[in-house]
Amino acid sequence: MKPIIDLVTKLGPARLAAMAAVTLTLIGFFAFLILRVSRPDMGVLFSDLSMQDSAAVIRDLDARGIRYETKGDTGQTILAPRADLPRLRMDLAGKGLPAQGGVGYEIFDKGDAFSSTNFVQNVNHLRALEGELARSIRAIGRVQAARVHLVLPERRLFERDRETPSAAIVLKLMGDLDPGQVRAIRHLAASAVEGLRPDRVSIVDERGRLLADGARGADQEGAAALEDRQVGLEKRLRAQIEDVVAGIVGPGRARVQVNAELDLNRIESRSETFDPESRVVRSSQTRTESSLTGSPEGGPTSVGNELPGANGGEKAAAQKDATNKNEETTNYEISRVTKTEVAEGGRLKRLSVAVVVDGVYATGADGKQTYAPRQPAEIERITALVRSAVGFDKARGDQIEVVNLRFAEGPAGSAQFDEPGLVQSLLSPSKEDVMRLGELGVLALLTLIVLMTVVRPLVKQVLAPIADGTGATVVGVEGLPAGATITLAGPGGGTMTVVDRDSPAARLMEFAKINGQVQAETVQRVVDMVRASPAETVEVLRSWIHED
């Protein structure tokens, strides 16, 4: 241990402190670099969470022992290792997390129903119904989150006219909903609430756009339905035409516009037709009457003449007339046809289609593309296909135009679906790779700055040679002439004298160095002896004093 102690003694407290500072600095800095480089790449697991959902997700991650980070004042955003994001999302979804803060019918599983008032029960029922509707709406593909507000008027006694319920739905979408999906949401809410009509449901998205108006009347609702029908018809016809034309001229080399004019009038007609040739006996009635009329001969008829024995008992011959009457009545039913026709609004009145197709491009010997228009016969065939696709009707006044014009942008190159290799991945890195490389570059630059500005001066100060009492240091250096003097830079300054190792001066210096070490050891032994026997040391010193 003595050489180590001697080395420490020669270095001195200043250099020891510098060495300790350098060691601690290097350990701390490289520990930071190792932790930062070995830290997993974090990605967003969930964002815009409520406090309840955030707490539930964090509890599950703690139970799994997975590292996570939170952002926001209430932990609205949770970060997790990017490699584990798909698995974590599937596992949490299987547990119903996040629940988006919605409350369903499980609200009745908590609390005492006997101690709850009727008002509390009604409020809980309303909350549960809104939560269940929100969960059902979130099951639709493009709906990310939903909030439902129901207005259910209270039924009063002796109330003749009851107010109609209404609903308001706020959606957070991933994209846009088509009119069919909006109608499906309205009918879903109306079917789940008693007395709620679809036209009383208003829908708004997160950007404040009104997707469905629940305050307009039936007439406005019908007009909106017709407008949606027109848009849907034009979209369907445009898709059909693009599919047909793209198969001939190539994808993206045709532009199609469709204008469908609809008849919005509602027509109701009634007609009644009689057929005189078609007769059917409905009823037949026959009546026959017979009667006799006349008076006795010889005078007028009287009571006396009619008595028995009158006129000598001779019965006078009577003059009588007979009358017969036949009557027949026949009723016929003529066939009749009654027809009632109702033509609702929205019939296709006229159709206009405009199609623009690009020409043909060919690559020349010099590698440049040349444009050539399409042949008229090809344009005619495309026109015939478009007419068949849209159901062209000349009597209706339909119009179809197919024109060949050169597009402003040239044709795009063929898409490459080959998997990129290592070189291509390095030449075209992703956004995550660029961020990672930038982070490593910044850390490397900081490391270089620390080494050059902090570590290098400290190492120089630690490794500086030990000077003697005069401020000059004598060393042996090969390659320099003997007797050369080197001036030391830095706060301490001083000079160094260079000598040859094989010269007499060098040998004398080595001898002096050894002699000095021996003398130092002898002095140290004397000091130890004095400290061990102070009384004897005093007696020896007294005897030396009294000697001649």
side-chain contact (heavy atoms from CB on, under 4.5 Å) between Thr70 and Ile58, intermediate numbers included
CA-CA 9 Å; Thr70 58; Ile58 288 175; 3.8 Å; yes
I need the Asp358 CG to Leu405 CG distance, nearest 0.5 Å.
9.0 Å
Sub-4.5 Å side-chain heavy-atom contact between Gln257 and Val355
no
Please answer whether the main-chain N or O of Val402 pairs with a side-chain N or O of Thr383 as donor and acceptor at a distance below 3.5 Å.
no
Give the minimum heavy-atom separation between Asn265 and Arg347, together with the two atoms involved.
O-NH1, 3.4 Å
State whether Asp398 and Lys349 are salt-bridged, where the test is any N-O pair (Lys NZ or Arg NE/NH1/NH2 against Asp/Glu carboxylate O) under 4.0 Å.
no
Do Ser352 and Arg350 have side-chain atoms, one donor and one acceptor, less than 3.5 Å apart?
yes
To the nearest 0.5 Å, what is the distance between CE (Met42) and CZ (Arg67)?
6.0 Å
salt_bridge(Arg64, Asp60) N-O dist < 4.0 Å
yes
Between Leu45 and Leu92, does the side-chain contact (heavy atoms from CB on, under 4.5 Å) criterion hold? Intermediate values first, please.
CA-CA 10 Å; Leu45 180 62; Leu92 293 174; 4.1 Å; yes
I'd like to know whether Gln399 forms a side-chain contact (heavy atoms from CB on, under 4.5 Å) with Phe392, so could you lay out the CA-CA distance, the side-chain angles of the two residues, the decisive distance to 0.1 Å, and finally the verdict.
CA-CA 8 Å; Gln399 184 178 2; Phe392 177 77; 5.9 Å; no
When you measure from the side chain of Glu234 to the backbone of Ala260, do you find a donor-acceptor pair of N or O atoms at a distance under 3.5 Å?
yes
Separation between CD1 of Ile203 and CZ of Arg186, rounded to the nearest 0.5 Å
6.0 Å
Before you tell me yes or no, could you show the steps for Val182 and Asp178 under side-chain contact (heavy atoms from CB on, under 4.5 Å), namely the whole-Å CA-CA distance, both residues' side-chain angles and the distance that decides it to 0.1 Å?
CA-CA 7 Å; Val182 175; Asp178 55 24; over 6 Å; no
